[in-house]
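First listed ligand is number 1; within each ligand, the first listed atom is number 1.
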Amino acid sequence: MKKILVTRRLLKSNEDRLKTLFEVNLNSNDELYSQKKLIELSKNCDGILSALTDKLDKDTINKLPKSIKILSNFAVGFGNIDIEAAKQRDIAVTNTPEVLTDATAEIGILLILGACRRAAEGIEGAKASNWKWSADYLIGKQLTGTRLGILGMGRIGKKIAKIAKSLGMIIHYHNRSKLSPDKEEGATYHETLKGLMSVSDVLSICCPASKETVNLINAETLEYLPKGAVVTNVARGDIVDDEALIDALDRRKVYAVGLDVYKGEPNLNPGYLKHKSAFILPHLGSATKETRTAMANLAIDNIDEFFKTGTSKNKVN
Ligand code: GLV
């Protein structure tokens, strides 16, 4: 039986299934392993079922025992893993696409609604019971007729576009390549980021984190937005230069932000906290029972398939 290190606690049904397929080294206290501890615990293991909280950088990967053949990441994003370093060591890296599209798109929409309709201030007022209804109390931005710019029209971007369209938003997008008209469903393509941002009353960041997208939203690119735009991020914190976005909030260039992901999670830049208009969530994108169950099952299937066939359809390196 192959031996698998599982770096974070999973839902019980998933751990039970793992035990039927592999010899497993589980993390029953859900401790966040240091890189050193993760290397130690992976001794004699054949694979690792990792999470986005594990920083599997080049140095860590190079110190893993030779027996490790697969890193099955319990996430669609794999920015936490140096996939090239893994490839050099002949270690397969897999992810969990598709199963979390709907749940993550729901949070993407929540971020848009929460930021546009001033939900953070509303929740604070309601909890403090110090609010008074008036004709102009917490007036926000209506979505109907508002232009939504989707940065990264992959599965999650497309689903957000579909829901946003049903709310009356007008969809624009920027992608490496233009989609075929049937997949665009009426959305307008922009070849450049500048083109997209200049028409985005609301920006929804949905692209993966990669060397090309780190700090893509920065002091220069934020200036392309119309004044008073809303910026939301359901993808990865690394895509945003926080100082620049906070400065844009300070200057009211940006009206509000809706964020689920941060650089250096779980610590977010304190500059966001001083802004009442910041609608912030703790990386809840895929956090539903159905989705987390399906993600873990897919991460398990990826390992099983890899050891049975030598590869996996969700291999990313
Ligand atoms: C969640 O953020 C994921 O990448 O799965």
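Protein heavy atom in closest approach to atom 5 (O) of ligand 1: V76 N, 2.8 Å.
With a heavy-atom cut-off of 4.0 Å, L100 touches ligand 1 through its side chain alone. At a heavy-atom cutoff of 4.0 Å, ligand 1 is contacted by no atom of V261, backbone or side chain.
Residue G77 has at least one heavy-atom neighbour below 4.0 Å for each of these atoms of ligand 1: 3 (C), 4 (O). Ligand 1 places these atoms under 4.0 Å from at least one heavy atom of H283: 1 (C), 2 (O). With ligand atoms numbered from 1 in the order given, ligand 1 contributes 1 (C), 2 (O) to contacts under 4.0 Å with heavy atoms of L52. Every atom of ligand 1 is numbered from 1 in the order shown, and the set under 4.0 Å from a heavy atom of A75 is 3 (C), 4 (O), 5 (O).
Taking a cutoff of 4.0 Å between a charged side-chain nitrogen and a carboxylate oxygen, K36 and E40 qualify as a salt bridge. Look at E98 and R155 and you find a salt bridge, because one of the NZ, NE, NH1 or NH2 atoms lies within 4.0 Å of a carboxylate O, short of that distance.
Placement of I156 and I171 within a single hydrophobic cluster is found when ILVMFWY residues are connected by side-chain heavy-atom separations under 4.5 Å, directly or transitively. A single hydrophobic cluster is seen to contain both V93 and I48, as judged by linkage of ILVMFWY side chains at heavy-atom distances under 4.5 Å, directly or through other members.
The cationic group of K69 does not satisfy the cation-pi geometry with F307, failing either the under 6.0 Å distance to the six-membered ring centre or the 45° limit from the ring axis.
Polar contact check, R236 against ligand 1: a nitrogen or oxygen pair lies under 3.5 Å apart.
Qualifying side chain to side chain donor-acceptor pair (under 3.5 Å) partners for E31, counting only residues two or more places apart in sequence or in other chains: K37.
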